[in-house]
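To find a chain, count down the sequence lines: A is the first, B the second, and so on, and within it residues start at 1.
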Amino acid sequence: MTHHDKKGAGRFEPRIVAFFCNWCTYTAADLAGVSRLKYAPNTRVIRVMCSGRVDPQFVLDAFSRGADGVLLGGCHPGDCHYAEGNYKTLRRMRLLERMLKDMGVSDGRFRLEWISGAEGEKVKTVVNDMVAKVRALGPLDLPGKFKDWDSELEGLARSVHASSKEAAHVR
Amino acid sequence: MKSASNGSGPKIGFYICHCGTNIAGTIDVEAVREHAAKLPGVAVSKGYKYMCSDPGQEMIAQDIRAQGLERLVVAACSPNLHEETFRKAAAKGGLNPFFFQMVNIREHASWVHEDKAAATQKAEDQVRAAIHRVRFHKALEKKRVPVHPDVMVVGGGIAGIHAALTAANAGKKVILVEREATIGGHMALFDKTFPTLDCSACILTPKMSAVKGHPNITLWAYSEVTKVEGYVGNFKVTVKRKPRYVKEDLCVGCDACIDACVFKEAKFPDEFNQGLSKRKPVYLSFPQATPKVVTIDPKTCIQLKTGKCKMTCAAACDRKAIDFGQKEESKEVPVGAIILTTGFDAFDPKRHEYYGYGRYPNVYSALEVERLVNASGPTGGDVVLRDGRRPEAIGIIHCVGSRDEHTNKWCSRVCCMYSLKLAHLLKERTGAQVYNFYIDMRTPGKTFEEFYDRLLKEGVQFVRGRVAEVNDWAMTREEEGRLVIRVEDTLAGFVRRIPVDMVVLSQGLEARKDALDVRRIFNIGCGSDGFFQERHPKLAPVSTFADGIFIAGACQGPKDIPDTVAQAGAAAAEALALVDAGHVEMEPNTSRVVEEECSGCKSCVPLCPYSAITFDEAKKKASINEILCKGCGVCAAACPSGSIRQNLFEDDEIFGEIEGVLS
Ligand code: FES
């Protein structure tokens, strides 16, 4: 995927991985299609049966592989096809959000949305809104940051190593 | 177009559908095909105009055989539409159908994006994801589960009646659940039906008694479904049977108790007559009520309220049918399929204050007028106003609570026609001058337009324009003591004041007030208009997203009687096709525990909403009952040791997709 669209004069195009539950949000996205609504082409949809299938690791993996945003779409509370899967999602994702914040991933780069099968329009507004916001934030580039952190750690290790040698010398 | 297999791993066949120009018009399908051809493992990469057509499927099957393909990826429309089609194509070629992954580049790409380069890019990314993922697919089998042969129908209006009779005539046992004291629904309120003007009761009541007399139908009126458990083919439904305080098997509906009631005069508004007449606490909705059993209303019966009545009704019943000790009962029944025919609510015209409903006694709702013109209604079909006068001029206002931004946006489909019917009947009964105020006349239906023509010839007046207001402020002699309709006549081009004696508000149709609760019980969806959502607007109009649960009639959207009956027949046919097959095939996307890896932490056990996970204390391992598991994957996401795998959604498969999408 390119970071910059061809005609957009180098405008940053965020890459957003979207996990959609089959029964509500995926269906809503189908409906948006059937209704020929137009929205930003930046999401890449991964279908799961229920939002409750989404392991926080999937979200972390997406960020660490270079996603600029992750969108998770499920049925409205009380409407999960499997009764209560989305409640579990909610709890899990609130915890994940805290962790993401510690990693410096915040400000709506991760988003949880309830979109019912009838809300094709909401798919459009949510995607457009998220793309605009993440675009304004700029690239996340976690893989790049990992590299920086790694070299920082290496540097640290080197200096620790050096100073311990020095200490040995003094003694 | 064939390329050599790139890299090791299973041999993958990739196919991209042009869908005419639906996909190819926005996505550069050739570029995507080429992109896929270069990906590791891809042995065949082809495009075709219509992949879902016979030649498209045949091409896949042949390639699988000739090239020894081991995996299949098709980029086309939504898997909700054609996943099954391509699974079958795979099976035809001798490949396990679950070695297949579908990519949705139509609903999710070509139809929603305008920038061709960006849409093509998206398609390529999604295709890559599928190709990465499909390598991890495993051979799976659909499991077959036996189906309970009985059918439940919920809602006893004309839709439910027709569906129940159809299924029962096919030899199925049917349980018909109705919340009111009698079946019949809205249709039982009408005198005549449009456009044929045939008598509603004459066509409905024989069907009602057919339900009652049918050996295959169990009728539970005055009952409500409170819980649905299980899954397609094997539902367990809990039905609450409300107490009538009358023993159904003993009562013959002779009316002796009603005559004997301590209330000598009927005092309470009669719901069936839309409050235009009164009833006693013990009542029969109407003479043809089915079951023909009286009901005692606990809100108005002295005995039930205070326990201090002489109970003359009970004494009058020689069959000893009255039972004040009756309690609510809860019954559990197994059924294979459920048909929902819960109907509609008429729009409450009070919400349009400017039409004066509830303020001016001579402003009527259309349902009230249906009772007023009904030969068995409160006045025996005589049209007299609440003040006892006979109307000389009548205004019928269309689209009350329809086609209105502030209330309901939709056209309720039946109001133009029933307004014409009422215009005809009112004119016939009263000889009054009748005006119809309409926005557009909508008469699409067999012989509907002809009926409109007939009304024009009968001298009914038609004024095009949305009525602004109904009031009683007279400006001229002629208007004194009457109702004045203020309207902009958009054909004549000026504002008119039309004095009338009676106003009829043609209420639109809405979803039932409790449609949201009902849909939760049955685990189906509602559209943004509140009506139950069909699985596909064209190809699965009576199915829902819950397999085995079907919908028919006005609960799915406004419709007239013929359409309702047609849908009810269709829903019955779908239900029959399901229960007659004797078994259902279940999607194999269930979860399982890899025993060697399970640490026995039990965190999955309470997560499962279906209690499908149990803990084997001897082995200290969790285990999942495949039949109970519905395949949500919540446990797989939660297992700390990663020892729960969800078929078709294994971690490897999803990580593969993430990697593919971002690489
Ligand atoms: S099925 Fe949509 S959130 Fe569970």
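Residues A:Tyr39 and B:His113 share a closest heavy-atom pair of O-ND1, 2.8 Å. The two residues A:Tyr82 and B:Lys630 come nearest to each other via the heavy atoms CE2-O, 3.4 Å. Between A:Tyr26 and B:Pro79 the shortest heavy-atom distance is OH-CD, 3.2 Å. Scanning all heavy atoms of the two residues, the minimum distance from A:Gly33 to B:Trp111 falls at O-CE3, 3.4 Å. A pairwise comparison of heavy atoms in B:Gly633 and A:Arg53 identifies O-CD, 3.3 Å as the closest pair.
When each of B:Asn589, B:Leu516, B:Val112, B:Asn523 is checked for heavy-atom pairs under 4.5 Å with chain A, B:Val112 comes out on top. Between chain A and the options B:Gly527, B:Ala119, B:Gly631, the largest number of non-hydrogen pairs under 4.5 Å is found for B:Gly631. Counting heavy-atom pairs closer than 4.5 Å to chain B, the top residue among A:Gly78, A:Pro56, A:Cys21 is A:Gly78. Most heavy-atom pairs under 4.5 Å with chain B, from the set A:Val48, A:Val34, A:Thr89, A:Asp79: that is A:Asp79. Ranking B:Leu81, B:Leu648, B:Asn104 against chain A, the residue ahead of the rest is B:Asn104, based on heavy-atom pairs under 4.5 Å.
When heavy atoms are compared at a cutoff of 4.5 Å, B:Ala638 approaches chain A by way of both its backbone and its side chain. Heavy atoms closer than 4.5 Å to chain A are found nowhere in B:Glu587, neither backbone nor side chain. Using a 4.5 Å cut-off between heavy atoms, B:Cys526 contacts chain A through its backbone alone, with no side-chain atom that close. For A:Cys24, no part lies under 4.5 angstrom from a heavy atom of chain B. Residue B:Ala129 does not touch chain A at all, counting heavy-atom pairs closer than 4.5 Å. If you measure heavy-atom distances from A:Ile46 to chain B, the contacts under 4.5 Å come from both the backbone and the side chain. Heavy atoms closer than 4.5 Å to chain B are found in the side chain of A:Phe19, but not in its backbone. Interface residue B:Gln533: only side-chain heavy atoms are found under 4.5 Å from chain A. Looking at A:Lys38, both its backbone and its side chain come within 4.5 Å of chain B, counting heavy atoms on both sides. Residue contact with chain B, scored on non-hydrogen atoms closer than 4.5 Å, involves the backbone and the side chain of A:Arg47 alike. Looking at B:Leu607, both its backbone and its side chain come within 4.5 Å of chain A, counting heavy atoms on both sides. If you measure heavy-atom distances from A:Glu121 to chain B, you find no contacts under 4.5 Å at all.
Looking only at distances, a side-chain donor or acceptor of B:Gln126 sits under 3.5 Å from a matching main-chain atom of A:Val45. Using modelled atom types, no side-chain atom of A:Arg65 and backbone atom of B:Ile658 make a donor-acceptor pair closer than 3.5 Å.
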Quick one, A:Asp61 with B:Ile654, criterion side chain to side chain contact (heavy atoms under 4.5 Å, CB included). Give me CA distance, side-chain angles, the key distance, then yes/no.
CA-CA 10 Å; A:Asp61 191 56; B:Ile654 297 174; over 6 Å; no
Show your working on side chain to side chain contact (heavy atoms under 4.5 Å, CB included) between A:Asn22 and B:Asn80 and close with a plain yes or no.
CA-CA 9 Å; A:Asn22 181 61; B:Asn80 286 326; 3.6 Å; yes
Show, in sequence, the C-alpha distance, side-chain angles and deciding distance for A:Val17 and B:Val661, and conclude whether the side chain to side chain contact (heavy atoms under 4.5 Å, CB included) test is met.
CA-CA 8 Å; A:Val17 175; B:Val661 123; 3.9 Å; yes
Checking side chain to side chain contact (heavy atoms under 4.5 Å, CB included) for the pair A:Thr43/B:Lys122: CA distance, chi angles, key distance, verdict?
CA-CA 8 Å; A:Thr43 50; B:Lys122 180 171 180 176; 3.6 Å; yes
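Atom CZ of A:Arg36 has more than 12 neighbouring heavy atoms from other residues, nucleotides or ligands inside a 6.0 Å radius. No more than 12 heavy atoms of other residues, nucleotides or ligands shown are found within 6.0 angstrom of NZ on A:Lys101. The number of heavy-atom neighbours closer than 6.0 Å to NZ of B:Lys227, taken from other residues, nucleotides and ligands shown, is 12 or below. Residue B:Lys409 qualifies as open at atom NZ: its count of foreign heavy atoms under 6.0 Å is 12 or below.
Put simply, the side chain of A:Arg92 reaches to within 4.5 Å of the side chain of B:Val634, judged on heavy atoms.
Between atom CG of residue B:Asp651 and atom CZ of residue A:Phe58 there is a gap of 4.5 Å, rounded to the nearest 0.5 Å. Considering OG1 of A:Thr27 and NE2 of B:His536, their distance stands at 11.0 Å, rounded to 0.5 Å. For the atom pair SG of B:Cys632 and NE2 of A:His81, the computed distance is 10.0 Å after rounding to the nearest 0.5 Å. With rounding to the nearest 0.5 Å, the separation of OG in B:Ser591 from CE in A:Met49 is 11.0 Å.
Salt-bridge formation is not detected for the pair A:Asp30/B:Arg106: no Lys NZ or Arg NE/NH1/NH2 atom is positioned less than 4.0 Å from an Asp or Glu carboxylate oxygen.
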